[in-house]
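Okay, so here's the structure we're looking at.
Letters A, B, ... mirror the listed sequences (proteins, then strands); counts begin at 1.
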Amino acid sequence: MYNFTSVNDVQDLSAMVNLGLQLKKSPNAFRELGKYKTIGLLFFNSSLRTRLSTQKAAQQLGMDVMVMNVGADSWQLEMTEGVIMNGDKAEHVAEAAAVIGQYCDIVGVRSFPGLVDRNYDYSEQVLNQFIKYTGKPIVSLESATRHPLQSLTDLITIEEHKKTARPKVVLTWAPHVKALPQCVPNSFAEWMNRADVDFTIAHPEGYELAPEFSGNARITHDPKAAFIGADFIYAKNWSSYKDYGKILNSDPAWMVTKEKMDLTNNAKFMHCLPVRRNVVVEDAVIDSENSIVIQQAGNRVWAAQAVLKTILESL
Amino acid sequence: MYNFTSVNDVQDLSAMVNLGLQLKKSPNAFRELGKYKTIGLLFFNSSLRTRLSTQKAAQQLGMDVMVMNVGADSWQLEMTEGVIMNGDKAEHVAEAAAVIGQYCDIVGVRSFPGLVDRNYDYSEQVLNQFIKYTGKPIVSLESATRHPLQSLTDLITIEEHKKTARPKVVLTWAPHVKALPQCVPNSFAEWMNRADVDFTIAHPEGYELAPEFSGNARITHDPKAAFIGADFIYAKNWSSYKDYGKILNSDPAWMVTKEKMDLTNNAKFMHCLPVRRNVVVEDAVIDSENSIVIQQAGNRVWAAQAVLKTILESL
Amino acid sequence: MYNFTSVNDVQDLSAMVNLGLQLKKSPNAFRELGKYKTIGLLFFNSSLRTRLSTQKAAQQLGMDVMVMNVGADSWQLEMTEGVIMNGDKAEHVAEAAAVIGQYCDIVGVRSFPGLVDRNYDYSEQVLNQFIKYTGKPIVSLESATRHPLQSLTDLITIEEHKKTARPKVVLTWAPHVKALPQCVPNSFAEWMNRADVDFTIAHPEGYELAPEFSGNARITHDPKAAFIGADFIYAKNWSSYKDYGKILNSDPAWMVTKEKMDLTNNAKFMHCLPVRRNVVVEDAVIDSENSIVIQQAGNRVWAAQAVLKTILESL
């Protein structure tokens, strides 16, 4: 594996999951592997879990870590080819990415979608420009359409907590006060579609994900039906893909409640965080013993470390 | 010692001071102790000395360090329980703190008071929520009411510079153009009250500290009287506790001047910094040989290292 | 060498260049040299290359690195002596610099000019106050009038790519939409004037550099003439020194084009970056095989490492 930007970069999904679980048992077993190697973590947007877990994963592989908030620490970057740069962007990604590639052995990039122009967001211009120009392996720290480190984490977490060989996993849309990206549900769907799980997506009409992500997943528009017999409830808000970036629904019936969790097969509750309490999920659910959101977030380290270890070995 | 948030967390004050002085002589003697351990330093507010000295202390103990400016780097946090999170706070401290606890072995938190609602500030909600939810030792990097790393530093510095067994230590209020927290004077007072010093607080009327902090300290409202015979003059502005967060006095007679220092027993001048020159203290004093503010700030490293070493040993 | 703020701090220019080239071959040969030493990198202004390359250079020498954005991370600093600090500056550089000196073995400082008051900028107050007060070696990460780490990089890059013993090097002014500092051209000129090269500066009238920087360089006001027979074209915009901080010219004839590059002796194209494409230089030039801007930026690591190694050995 060279780049890590989607599930398609992973040859053997279950080997990658097992590597994460192995690293969780022996976090420092490979401190020599990344010795004298440098990772640069570039944030065009805010980050808590990704920032800290990837930094920790790299340190546990012995790497030197450099973190940069693009924009705040350095310059605004021009992403488009061939333009006359007489506006407010001081540097072109062609130079910025290539220069960062001079200083780093692996580069992580976080860049959210604007949620205004669907074609632009789904072209993954920022991520692709970094892939094009950096000359080094690129790890997505969440891009305009995907969050693969989160999805690998989710799969590791499901593997750890599942009680049947092929658990019933439900991705359920939930309300939110802000228009959010489709990255997490897109990624979760494409990973679950490749994993050995029984996968359902529940969302209000108008919230269909792009077909290349939802794939053959079972779809329901009933906020309760999918909960019946579920082993894992994965909640997440996203804005509409069809009516791009819009909030079409705020029906509290889509909030994850104790009442709905009682329909499940004693399901574990998952969320990528940050989560709006009592909007996306009731306190009674996220504070219950069945909530594994903290362990899930903790697993971000092992997902990142599995990815970085695999890339380091390919260098 | 598990948490370090006030003098009450320290069992043996003089042992802790001596540990700081010992580490100052052998900064790298315990580079193995923190190996493969991670400290997260979270800043809700600006920091220079605390940021750099704690980072350095942790590095000298061999720890991996992750620094995060909460708000700028990540999300605004909701601190209150049970709320419907439909406002501008994207994440609850219950999740944020617990997640950070997954990535760190020790967590440092800086969070200043708002100086608007005394009950709120003195409830230490932010610090206490991190203690409640992080699941790892919490080190206060200055909270709403205390700055214990500063006070331990101050005691180490007094120990280094004292010429008599029981020196006369004066905390003197001084004017300032902005309303400042009571953290440093609160903390200094509670540490001096437990140390073996003759302790006086000088401040204008209306600037009484909360009784749990001033304790049995001698109080004077005369800007000169306390200087007579003092061995250490510790200057600091604070806003009123009674008339909460207000500036009640700007009388330049409270500035520390050469003239007033001449009343002392050749006293050392101390301040936690940052300090407003020629508002809090005359250039002639802070630039004099009796000023030990730089050595004092330098000692921040050894206070932090003594605290971190003690916590690491308890893990 | 103790401080590194201009070419005048370097005793033997060609030894320093050779050290950089040697470190490029053996980046980790001196990992023990900086062990248990700390470098503080202070940024009053944005930085990408300097931030990352200096950090990497220090890490490759085994140093602990602390990076701080002054202003964003900590406090606004007062630079003037003797003032009554009742404005918006919370701390005087006299304390801030001295305290940072307590925590660091070497301190790097980036502080751009304001481009309003020439006497102030050219007095290098910020840099000089850090030299005065820090008590530790100061490395300029670009100051109000110079960018010596860039110039050493440039000389290393010219040494690597030159095909004749004494190449013809042309510094050519180029248009820009913003008023930029004279730091890079000032520094480049004073380094080239000391190096064994045939040096010409091309700029429109009114863009004369300060005489102490341009020295005996050949000057031309023709945007094409200097290109004839050149081995290296070094493009850079700067604002006027005479009519201080002003933009006097935006003639696109000064842009570096393929047509002008065809006049050269197959010259390499250099720029310190960030660069405005199709304003300063045509895509056709910067994307050509003769463009060495990325290799040049990559060499920032070896320049910084040569400087830090030399300073570390002098401690």
Got more than 12 heavy atoms from elsewhere within 6.0 Å of [atom1], [X]?
X	atom1	value
B/L315	CG	yes
B/E313	CD	yes
A/E259	CD	no

Pick from A/N45, A/V301, A/V279 with the largest number of heavy-atom pairs that fall under 4.5 Å of chain B: A/V279

Pairs of heavy atoms under 4.5 Å with chain B: top-ranked of A/V67, A/V177, A/V280: A/V177

Stepwise side chain to side chain contact (heavy atoms under 4.5 Å, CB included) check, A/H271 with B/E95: CA-CA 11 Å; A/H271 190 284; B/E95 279 71 57; over 6 Å; no

Toward chain B, the part of A/R49 with a non-hydrogen atom under 4.5 Å: both

Check: B/G87 main-chain N/O paired with A/R276 side-chain donor or acceptor under 3.5 Å: yes

Any donor-acceptor pair under 3.5 Å from B/Y103 side chain to A/R300 backbone: no

Please examine the side chains of [Y] and [X], heavy atoms only from C-beta on, and report whether any two atoms are closer than 4.5 Å.
X	Y	answer
A/L273	B/E91	yes
B/M85	A/N278	no
B/V83	A/R277	no

Gap separating the [atom1] atom of [X] from the [atom2] atom of [Y], nearest 0.5 angstrom:
X	Y	atom1	atom2	result
A/N69	B/N69	CG	CG	8.5 Å
A/K178	B/D88	NZ	CG	9.0 Å
A/L52	B/T38	CG	OG1	10.0 Å
A/I294	B/I100	CD1	CD1	10.5 Å

What closest approach, in Å, do [X] and [Y] show between heavy atoms, and which atom pair accounts for it?
X	Y	result
A/Q55	B/V65	NE2-O, 3.7 Å
B/G82	A/D283	CA-OD2, 3.3 Å
B/V99	A/A297	CG2-CB, 3.5 Å
B/Q102	A/Q295	OE1-CA, 4.3 Å

Worked verdict on A/Q60 versus B/Y36 for side chain to side chain contact (heavy atoms under 4.5 Å, CB included): CA-CA 7 Å; A/Q60 286 178 166; B/Y36 300 170; over 6 Å; no

Portion of B/M68 that has a non-hydrogen atom of chain A nearer than 4.5 angstrom: side chain

Pairs of heavy atoms under 4.5 Å with chain A: top-ranked of B/G40, B/A90, B/A98, B/G135: B/A90

